[in-house]
Amino acid sequence: MEVQERILDTAFSLFRQYGTRSITMDDIATRMGISKKTLYAHFVDKDDMVVHAIRRYLEIIQEEERTIISKADNAIEELFEIMNMMDEKLRNMNPVIMLDLQKFHSRAFLVFQEYRNSSLRTTIRTNLERGIREGLYRKDLDVNILTQFRIASAMVCFQPEVFPMEGYDMGKVQRVLLEHFLYGVSSAEGFRLIEKYRQQQLSLNK
DNA sequence: TACCGC
DNA sequence: AGCGGT
């Protein structure tokens with residue numbers, strides 16, 4: 001792996017736990033056993049590093065989503081796989097990171113908004129359309145409204161007032177909300193499939 | 001690693 | 001004071 005990528009992965013693993021504000025460039029350099037000079041050889045400043053760290057994280061998620069979507073047999077299997085993937089991606093994530101981006105790293109915040117408004121929206125909408133086509137979701141769904149709702153629901157885990165880090169794991173929150181959404185959009189046939197995948201999950205975790 | 005300056 | 005930046 002390239003040095004930049006290793007720096008970004010180290011930085012992001014710290015940012016996701018503590019937010020960007022409380023992590024210093026010294027922390028990152030120390031953690032990697034390199035000097036700050038090396039950090040500044042690869043990134044113009046901290047803000048630039050935050051932008052790249054967020055971008056990389058989102059690109060990895062999108063890449064994994066593409067793979068899942070192309071492999072999944074149907075919309076429900078797709079959602080289950082995305083749920084497992086996001087569980088890991090959001091585990092131990094501190095919701096303050098979003099406030100830090102909003103307040104101190106507006107460029108990185110824009111990168112996230114761009115992801116939310118294009119990639120995430122498309123993934124959600126396409127999954128709904130797929131499920132309806134496959135007869136696994138109800139035919140009378142309002143795809144527009146439900147897409148908007150699902151985006152909002154995915155964002156609620158970043159509100160520390162609603163889900164403070166003490167007591168709630170972001171990955172778990174996302175999983176529970178997504179599963180709840182899935183039950184809400186499913187047809188009778190979809191419902192049976194959900195039960196089947198849930199059984200499979202249970203036997204896998206043993 | 002020491003140091004500056006915001 | 002402590003942290004970004006040199």
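Just so it is clear: chains get the letters A, B, ... in the order the sequence lines come, proteins before strands, and each one is counted from 1.
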Heavy-atom protein contacts under 4.0 Å, nucleotides 1-6 of chain B, coded B base, S sugar-phosphate only, - none: ------
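A donor-acceptor contact closer than 3.5 angstrom is absent between the side chains of A:Arg56 and A:Gln4. Under the 3.5 Å distance criterion, with hydrogens and angles disregarded, no donor-acceptor pair is assigned to the side chains of A:Thr30 and A:Asp27.
A:Phe104 places its CZ atom 13 Å from the P atom of C:dC3, with the value rounded to the nearest Å. Between A:Met49 atom CE and C:dG5 atom P the separation is 10 Å, expressed in whole Å. Between A:Lys46 atom NZ and C:dG5 atom P the separation is 8 Å, expressed in whole Å. Atom CE in A:Met25 sits about 11 Å away from atom C1' in C:dC3, given to the nearest Å. Rounding to whole angstrom units, CG of residue A:Asp45 and C1' of C:dT6 are separated by 13 Å. Rounded to whole Å, the distance from CG on A:Asp26 to P on C:dG5 is 11 Å.
Residue contacts for A:Leu39: at a heavy-atom cut-off of 4.0 Å it reaches no nucleic acid atom on any strand shown.
In this structure, A:Asp48 contributes its side chain and A:Phe43 its backbone to no donor-acceptor pair below 3.5 Å. Distance alone, capped at 3.5 Å, is enough to place a donor-acceptor pair between the A:Glu5 side chain and the A:Glu2 backbone.
Looking at A:Asp87 and A:Lys172, no side-chain N of the basic residue comes within less than 4.0 Å of a carboxylate O on the acidic one, giving no salt bridge.
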Using the side chain to side chain contact (heavy atoms under 4.5 Å, CB included) rule, take A:Glu88 and A:Asn84 through it: C-alpha gap first, then chi angles, then the decisive distance, then the call. CA-CA 7 Å; A:Glu88 170 222 325; A:Asn84 287 336; over 6 Å; no
